[in-house]
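See structure below.
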Amino acid sequence: MEIKIGIQHAPRELVIESADSVEDVEKAVMDAVASSGVLALTDTRGHRVVLPAANLAYVEIGGGVAGKLGFRS
């Protein structure tokens, strides 16, 4: 599943491919925002992304990656 994260004062969004469920990602975002902590997500390659919740502008959860053109690594 694809997760798009908008970061305040950043011109581009961060796009992460994750194997987590929509519910798991939504809970992680809501917990991070409620506690003013950090949002920590792991992508499909095992890389960890940690963002301060105070700097999140938006999080778009969902959508697949099927149908993309080009090379995939």
Between CD of Glu2 and CD of Glu17, what distance do you get to the nearest 0.5 Å?
5.5 Å

Between Asp20 and Asp24 (side chain of the first, backbone of the second, donor and acceptor by atom type, cut-off under 3.5 Å), is there such a pair?
no

Would a hydrophobic clustering, with Ile, Leu, Val, Met, Phe, Trp and Tyr connected at side-chain separations under 4.5 Å, put Val33 with Val49?
yes

Taking it one step at a time, do Val15 and Ile3 satisfy side chain to side chain contact (heavy atoms under 4.5 Å, CB included)?
CA-CA 6 Å; Val15 180; Ile3 304 168; over 6 Å; no

Which heavy atom of Ala32 sits nearest to which heavy atom of Ala53, and what is that distance?
O-CB, 3.3 Å

How long is the span from the NZ atom in Lys4 to the CD1 atom in Ile16, to the nearest 0.5 Å?
12.5 Å

According to side chain to side chain contact (heavy atoms under 4.5 Å, CB included), who are the partners of Glu26, at least two apart in sequence or on a separate chain?
Met30, Ile61

Please answer: with hydrophobic residues joined when any side-chain heavy atoms are less than 4.5 Å apart, are Tyr58 and Val22 in the same cluster?
no

Among residues at least two apart in sequence or on other chains, which ones pass side chain to side chain contact (heavy atoms under 4.5 Å, CB included) with Lys27?
Asp31

Residue pair Leu51, Val38: steps toward the side chain to side chain contact (heavy atoms under 4.5 Å, CB included) verdict
CA-CA 5 Å; Leu51 303 162; Val38 295; over 6 Å; no

State the CG-CD1 distance between Leu41 and Ile5, to the nearest 0.5 angstrom.
5.0 Å

Which atom pair, heavy atoms only, marks the closest approach of Arg48 to Ala40?
NH2-CB, 3.4 Å

